Amino acid sequence: MRIFFSPFALLATSLFLTSAAAHADYVWLERDAAGAAHAYVGEFEAVKGSTASLSAARAFLADGKDLPLSTEAERLNIAAPASGDLRLTAMRIGEKGVLNYFQAKNGRSETKAVNDLELVPTEANGNTFKLVWKGNTVAASQVNVETSEGWHRVLKPAKDGTVTLNALFPARYFLEVSARVNGSVTLDGKKYEDVRHTATLTFEVNK
């Protein structure tokens, strides 16, 4: 595959970083007030979709240990420890044969990326984030931010490719970045010309 990237990105990547289309679906992780973990598909703080549209869903910790999943209505329940960062990956074949890879993370205590595409803080529980694609730091064209309080922002990268959230207030934060693979991918014997990755990061600010 040939590679296209932001001018601040490292060379050996295989993504074209782009802003998400309006009303795109995402997969993200949340913890409820009791600390229980759940995965959702759809639009953050809007009508949630059916998780039945997802395939190959896998929840795991940084050490690669898989966590049990169960389906309940419009969410996946994850048997996860009460604290610590959590990840989930899934796939979906969308309209017009688009192959979507969803890569979600909850928590910002870990600074090492585990998913293929992941937003990670530059320091534990920090407000500055970098985007990592298969171990290499790349610069997002933009990062979309929403909160449970209805606050929306589009963050543009600094010269070093990082993005920073300033003056955080109590809320659940949702960060999203999307990318398209420049080339085809063959999965189960079928070739997909349109392959897209979406990474989300969610975390809580309580005070």
Side-chain angles (χ1 to χ4, degrees), residues 20 23-92 100-121 124-129 131-132 140 143-155 163 165 168-178 196-207:
H23 307 297
D25 280 350
Y26 317 108
V27 173
W28 73 95
L29 296 165
E30 292 184 10
R31 289 185 183 272
D32 60 25
H38 313 284
Y40 298 93
V41 61
E43 295 180 55
F44 185 68
E45 295 299 308
V47 176
K48 297 178 175 65
S50 171
T51 58
S53 65
L54 303 177
S55 62
R58 175 182 173 239
F60 54 98
L61 303 174
D63 61 5
K65 180 182 178 181
D66 286 353
L67 300 171
L69 288 169
S70 61
T71 303
E72 178 190 350
E74 296 177 339
R75 70 186 187 187
L76 295 174
N77 298 324
I78 305 167
S83 61
D85 291 357
L86 176 66
R87 292 168 178 83
L88 182 136
T89 59
M91 295 188 305
R92 185 174 69 182
N100 295 283
Y101 287 100
F102 298 110
Q103 298 168 89
K105 181 186 178 186
N106 176 259
R108 54 180 175 141
S109 64
E110 296 170 7
T111 59
K112 181 180 179 179
V114 177
N115 288 336
D116 282 351
L117 185 68
E118 188 171 309
L119 281 164
V120 294
N125 299 311
N127 301 338
T128 297
F129 303 88
L131 181 65
V132 178
V143 175
N144 301 309
V145 183
E146 297 183 50
T147 75
S148 56
E149 302 301 307
W151 187 81
H152 300 256
R153 287 292 186 277
V154 175
L155 302 181
V163 294
L165 277 168
L168 298 185
F169 52 85
R172 174 177 292 123
Y173 285 76
F174 169 91
L175 282 67
E176 175 272 332
V177 65
S178 296
R196 306 178 190 184
H197 288 257
T198 300
T200 60
L201 170 65
T202 48
F203 59 88
E204 301 276 348
V205 175
N206 296 315
K207 60 180 180 178

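Quick caveat, the model's predicted, so the values are computed rather than measured.
- Taking the six-membered ring where the residue is Trp, W151 and F169 present perpendicular rings, their angle passing 60° and hence far from 30°.
- Looking only at atom types and distance, the side chain of N125 has no donor-acceptor partner in the side chain of S109 under 3.5 Å away.
- Heavy atoms only, all atoms of each residue included: A104 and N115 are closest at O-ND2, 3.4 Å.
- Using a 4.0 Å cut-off between charged nitrogen and carboxylate oxygen, E30 and R75 do not count as a salt-bridge pair.
- In this structure the side chain of N100 never reaches within 4.5 angstrom of the side chain of T198, judged on heavy atoms.
- Rounding to the nearest 0.5 angstrom, the gap separating the CD atom in E72 from the OG1 atom in T51 is 10.0 Å.
- In this structure, OG1 in T200 is found 11.5 Å from CD in E146, a value given to the nearest 0.5 Å.
- A distance-only check finds a donor-acceptor pair linking the side chain of T202 to the backbone of L29 [under 3.5 Å].
- Note that CD1 of I78 is 5.5 Å distant from CG of L69, once rounded to the nearest 0.5 Å.
- Between L86 and L61 the shortest side-chain heavy-atom distance falls below 4.5 Å.
- Atom CG of L119 and atom CD of Q103 lie 11.0 Å apart (nearest 0.5 Å).
- Look at E74 and K48 and you find no salt bridge, because none of the NZ, NE, NH1 or NH2 atoms lies under 4.0 Å from a carboxylate O.
- In this structure, a donor-acceptor pair under 3.5 Å is present between the side chains of E176 and S178.
- The side-chain contact (heavy atoms from CB on, under 4.5 Å) with L131 is formed by just one residue from the set V120, L117, V143, L201; it is L117.
- Classification of the Y173-F203 ring pair by plane angle, with boundaries at 30° and 60°, yields parallel.
- Nearest heavy atoms, A62 versus E110: CB-OE1, 3.4 Å.
- A salt bridge does not link E204 to R31: none of the charged nitrogens lies less than 4.0 Å from a carboxylate oxygen.
- For the atom pair T71 OG1 and L54 CG, the distance stands at 9.5 Å (nearest 0.5 Å).
- Rounding to the nearest 0.5 Å gives a distance of 14.0 Å between CH2 of W28 and CG of L175.
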